[in-house]
Novice: 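For reference, the structure I am asking about is given below.
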2 protein chains.
Amino acid sequence: MSVKRKTKSVNLILSIFENSSEALSVVDLVEQLKNDMNKTTVYRVLERLENEGAIHSFTGSNGLTWYAKCRECDAHHHNDIHPHFQCEKCGKVECLEINIPIPSIENRIIESADVLLKGQCSDCMK
Amino acid sequence: MSVKRKTKSVNLILSIFENSSEALSVVDLVEQLKNDMNKTTVYRVLERLENEGAIHSFTGSNGLTWYAKCRECDAHHHNDIHPHFQCEKCGKVECLEINIPIPSIENRIIESADVLLKGQCSDCMK
DNA sequence: TTATTTTCGCAACTAAGTTGCAATAATATA
DNA sequence: TATATTATTGCAACTTAGTTGCGAAAATAA
């Protein structure tokens, strides 16, 4: 269920996340790694790294899956409500290290929340 | 760009939303309407109804597209930040008529936000 | 009633993500 | 170190959401 073996694929994907403060879409990762490994391997390594708690996944504005490594990824669970930001101009996605308080809702148990803020990043608003 | 003609397909889809307080996934709509119209028509009618402002769309927890009619749909724009709730047990999705305040973020312009709360609905928490 | 223009159905397509299985590579054991 | 064990990978084929082009049909305008 988690990462048992440190293979080339695992190390390569981990190093990409270590060197990037931004989130990465699976589509981009598959493209970027197409000479290094099969796309099935990309999907499976990402799944294992998420189960291990090394990275976390979320859905971007167009329904695509994104992964990122953030400080909170060292924690045991990913139920924390930290928002993501996607720039509508350049497409970049990043984790925001802020906390958005979610009110309790009558007659419902809130277990987690996906919050995606959309707008323009600092580069694109110049 | 919007709904110019009141066809059978348009009326049928609109009546489904009038009679449902819940959001509906496109996949479910295509299945439900498969004897009435082609799936391409479902996609195109939904798109037109959204452009007209009759319904609004958002992304569910698995990346699928959902549509719903809510009170705010009568308004002119859909930039309002109203959250959606998805029950992780039965899969039902609904609009929440509450306002989640989004803080302003340094160096970024926030134009809109997708907020999906996940948990258990009143039926499933019994 | 006819002409115009939007909408629909169909079939074929695209792209993200999944699955089964045999081959390979990493680790454990002797 | 050599061998056995088990996780991981590559490949090809598949599934499913969503899209596109085009001719036919339906809605509205003239």
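In what follows, chains carry the letters A, B, and so on, assigned in the order in which the sequence lines appear, proteins first and then strands, with residues in each chain numbered from 1. All values reported here derive from a predicted model rather than from experimental measurement.
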Novice: Could you encode protein contacts along nucleotides 22-30 of chain C as a string, one character per nucleotide from 5' to 3', using B for base contact, S for sugar-phosphate-only contact and - for no contact, with a heavy-atom cut-off of under 4.0 Å?
Specialist: ---BBS---
Novice: Indicate whether OP1 or OP2 belonging to C/dG9 is found under 4.0 Å from a side-chain N or O atom of B/Thr40.
Specialist: no
Novice: Pick the nucleotide of DNA chain D nearest each of A/Lys39 and A/Ser9; which residue has the one closer to the 5' end?
Specialist: A/Ser9
Novice: Assign the ring pair B/Phe58 / B/Trp66 to parallel, tilted or perpendicular, where the plane angle (0 to 90°) is split at 30° and 60°.
Specialist: parallel
Novice: Using atom CZ of B/Arg48 as one end and atom C1' of D/dA27 as the other, report the distance to the nearest whole Å.
Specialist: 12 Å
Novice: Does any part of the side chain of A/Asp123, heavy atoms only, come nearer than 4.5 Å to the side chain of A/Cys90, both counted from C-beta?
Specialist: no
Novice: Should we count CD of A/Glu106 as having more than 12 external heavy atoms under 6.0 Å?
Specialist: no
Novice: How far does CZ of A/Phe17 sit from CG of A/Leu46, to the nearest 0.5 angstrom?
Specialist: 5.5 Å
Novice: Quick one: label A/Val30 by what it contacts on the DNA or RNA (base, sugar-phosphate, nothing), any heavy atom closer than 4.0 Å.
Specialist: nothing
Novice: Would the base of D/dG10 count as contacting A/Arg44 through its side chain, where contact means a donor and an acceptor less than 3.5 Å apart?
Specialist: yes
Novice: Could you state the atom-to-atom distance from OH of B/Tyr43 to C1' of C/dT7 in whole Å?
Specialist: 18 Å
Novice: Rounded to the nearest 0.5 Å, what's the gap from NE2 on A/His84 to CD on A/Glu94? Could you check?
Specialist: 10.0 Å
Novice: Ignoring backbone atoms, test whether A/Thr65 places a side-chain nitrogen or oxygen under 4.0 Å from the OP1 or OP2 oxygen of C/dG17.
Specialist: yes
Novice: Does A/Arg44 pair with A/Glu47 as a salt bridge, N-O distance under 4.0 Å?
Specialist: no
Novice: Distance check needed: D/dT15 C1' versus B/Leu64 CG, whole Å only.
Specialist: 13 Å
Novice: Of the listed nucleotides (C/dG9, C/dG17, D/dG18), which one gets closest to any side-chain atom of B/Asn38?
Specialist: C/dG9
Novice: Measure from CG on A/Asn35 to C1' on D/dT9 and round the result to the nearest Å.
Specialist: 16 Å
Novice: Return the value, rounded to whole Å, for the distance between atom CH2 of B/Trp66 and atom C1' of D/dA17.
Specialist: 14 Å
Novice: Using atom CG of A/Asp36 as one end and atom P of D/dT8 as the other, report the distance to the nearest whole Å.
Specialist: 19 Å
Novice: Rounded off to whole Å, could you give me the NZ-to-C1' distance for the A/Lys34 and D/dC11 pair?
Specialist: 18 Å
Novice: Mind running side-chain hydrogen bond (donor to acceptor under 3.5 Å, both in side chains) on B/Ser25 and B/Asp28 for me, showing each step along the way?
Specialist: CA-CA 5 Å; B/Ser25 76; B/Asp28 287 345; 3.3 Å; yes
Novice: How many Å lie between CE on B/Met37 and P on D/dA25, as a whole number?
Specialist: 19 Å
